[in-house]
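Note on naming: letters A, B, ... go to the chains in the order of the sequence lines (proteins, then strands), and numbering restarts at 1 for each one. All values below come from the heavy atoms of this structure, side chains included, with hydrogens, waters and symmetry mates left out.
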2 protein chains.
Amino acid sequence: MNNGSTALKIMEVASELIQTHGFHAFSYRDLSDRVGIKTSSIHYHFPTKLDLAKAVIHHYHQAFLDKLDEFSKEETAKKMLQAYTDLFAETFRQGKRICLCVSLASDLNGLPEEIRNEISIFVDAHEIWLASVLKQGIDEGGFRKLENPRQAARNIFYAMEGAMLVARASSVFFPN
Amino acid sequence: MNNGSTALKIMEVASELIQTHGFHAFSYRDLSDRVGIKTSSIHYHFPTKLDLAKAVIHHYHQAFLDKLDEFSKEETAKKMLQAYTDLFAETFRQGKRICLCVSLASDLNGLPEEIRNEISIFVDAHEIWLASVLKQGIDEGGFRKLENPRQAARNIFYAMEGAMLVARASSVFFPN
DNA sequence: AGAACTCTATCTATCTATAGATAGATTGTC
DNA sequence: GACAATCTATCTATAGATAGATAGAGTTCT
């Protein structure tokens with residue numbers, strides 16, 4: 001594994017394929033076609049598919065934390081929340097792309113513990129960030145008082161993740 | 001394809017595997033092992049894996065509509081909603097099993113249109129039922145007035161579906 | 001009634017395509 | 001010349017799928 005531009009491109013394409021088709025629904029051949037190198041060269045960078053998955057999650061996770069930091073610079077909690085939900089909407093607009101961790105969650109029962117842990121840390125980070133935004137919003141007076149901000153944060157997160165999956169399936173969003 | 005008990009058993013096992021592992025993550029061999037017949041015999045009942053998927057969706061869809069009818073017999077909208085959410089919780093308790101249509105939705109970009117249509121009809125049925133329950137609850141006075149019951153129904157549905165996936169991934173529900 | 005036939009459901013054996021993976025040669029850059 | 005990155009060629013395992021045989025239950029013909 002290394003951090004050169006080829007490795008990065010492989011990770012980006014892999015991330016896209018996981019988010020649009022799922023972990024078990026793409027192959028090294030698909031990557032090969034899109035990145036423009038042979039499958040064996042991909043193995044050079046990521047010996048196994050799980051190594052690739054781990055690297056993709058790590059990269060995506062870091063990028064997401066950076067986004068959250070950026071959102072935290074907004075003036076009000078309301079704007080932070082808006083920026084957060086906009087990111088989901090924007091992601092989905094790119095070929096019905098869903099959140100990486102939810103795509104992997106749907107395959108989770110067949111993935112090794114190492115990956116499951118990475119994903120659970122990622123999910124927790126979302127909830128903690130959202131809960132802190134909610135608390136700030138309550139203090140600011142922009143949001144109404146909540147009994148359990150952490151639970152409310154979870155509910156928002158559930159709805160965001162569920163909405164992406166359901167939107168893919170629903171005729172409301174993609175009528176024939 | 002026929003409706004004998006073997007075909008039914010195949011469908012039930014397939015449904016479980018789709019809900020726990022995903023459509024692309026189980027094989028005819030997995031079915032063969034669990035049902036106790038050879039893979040070739042499964043092909044006798046369901047010529048292709050997509051034929052099997054179609055049959056499973058259809059069967060699951062019908063069973064779900066029956067459940068909704070049953071829930072509609074509850075005295076109040078609040079109890080109907082409770083029965084609905086209990087069903088999700090009960091399903092999830094069986095080996096982190098998620099809703100069939102959401103599991104398939106995460107693989108949707110790689111599935112044929114015929115299946116996509118089946119799923120979208122299913123999703124719409126959920127939302128229509130939920131919206132009617134909400135309206136009834138508002139009329140009864142048990143629920144507070146909503147500007148857009150259909151949108152509220154969608155939000156409930158999103159949260160239910162998202163919660164199952166996130167619960168699978170979250171350390172809050174499955175700490176190490 | 002009994003022989004001949006047909007249908008259902010299963011089996012064994014095998015096919016083709018593709019998956020992820022590996023060995024070893026080649027190329028290009030410092 | 002050494003190393004990084006890529007290639008060609010190939011491997012093993014498994015996927016979904018198919019062909020053809022078989023056992024046994026039910027049907028039809030004479």
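- The base of C:dT10 lies outside donor-acceptor range of the side chain of B:Thr6, with no N or O pair under 3.5 Å.
- The side chain of B:Ser41 places an N or O atom within less than 4.0 Å of a non-bridging phosphate oxygen (OP1 or OP2) of C:dC11.
- Using a 4.0 Å cut-off on heavy atoms, the residues of residues 24-37 of chain A that approach DNA chain C are A:Phe26, A:Ser27, A:Tyr28, A:Arg29, listed by number.
- For A:Tyr44, no side-chain nitrogen or oxygen approaches OP1 or OP2 of D:dT6 to under 4.0 Å.
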In a table with atom names and distances, give each donor-acceptor pair under 3.5 Å that connects a side chain of residues 55-71 of chain B to protein atoms at least two apart or in another chain.
residue	atom	partner	partner atom	Å
B:Tyr60	OH	B:Leu100	N	3.3

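- In this entry the distance linking CG of A:Leu8 with C1' of D:dA5 reads 16 Å, nearest Å.
- Relative ring orientation between B:Phe26 and B:Phe23 is described as perpendicular, the plane-to-plane angle rising above 60° on a 0-90° scale split at 30° and 60°.
- D:dT6 atom C1' lies 12 Å from atom CD1 of A:Ile42, rounded to whole Å.
- Regarding contacts with the backbone of D:dA4, every side-chain N or O of A:His45 stays at 4.0 angstrom or more from both OP1 and OP2.
- A salt bridge does not link B:Glu118 with B:Lys54: every distance from a Lys NZ or Arg NE/NH1/NH2 to an Asp or Glu carboxylate oxygen is 4.0 Å or more.
- Using a cut-off of 4.0 Å between Lys/Arg side-chain N and Asp/Glu carboxylate O, A:Lys9 and A:Glu12 are scored as not salt-bridged.
- Separating the CZ atom of A:Phe23 from the P atom of C:dA19 is a distance of 13 Å, rounded to the nearest angstrom.
- Atom CG of B:Leu52 and atom P of D:dA17 are 10 Å apart (whole Å).
- If you measure from atom NE2 of A:His43 to atom C1' of D:dT10, you get 13 Å, rounded to the nearest angstrom.
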Can you list the steps and then say if A:Phe88 with A:Tyr84 is a ring-ring contact (aromatic ring centres under 6.0 Å, His included)?
CA-CA 7 Å; A:Phe88 280 79; A:Tyr84 179 82; 5.0 Å; yes

With a cut-off of 3.5 Å and sequence neighbours excluded, list every side-chain donor-acceptor pair involving residues 28-39 of chain B.
residue	atom	partner	partner atom	Å
B:Tyr28	OH	B:Phe46	O	3.2
B:Tyr28	OH	B:Thr48	O	3.2
B:Tyr28	OH	B:Lys49	N	3.3
B:Asp30	OD2	B:Ser27	N	2.9
B:Asp30	OD2	B:Ser27	OG	3.4
B:Ser32	OG	B:Ile37	O	2.7

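- The NZ atom of B:Lys49 sits 13 Å away from the C1' atom of D:dA17 (whole-angstrom rounding).
- Counting non-hydrogen atoms of other residues, nucleotides and ligands closer than 6.0 Å to CD of B:Glu114 gives a total of 12 or fewer.
- Below the 3.5 angstrom threshold, one finds no donor paired with an acceptor across the side chain of B:Ser40 and the base of C:dT10.
- Computed from coordinates, the A:Lys38 NZ to D:dA4 P distance equals 24 Å when rounded to whole Å.
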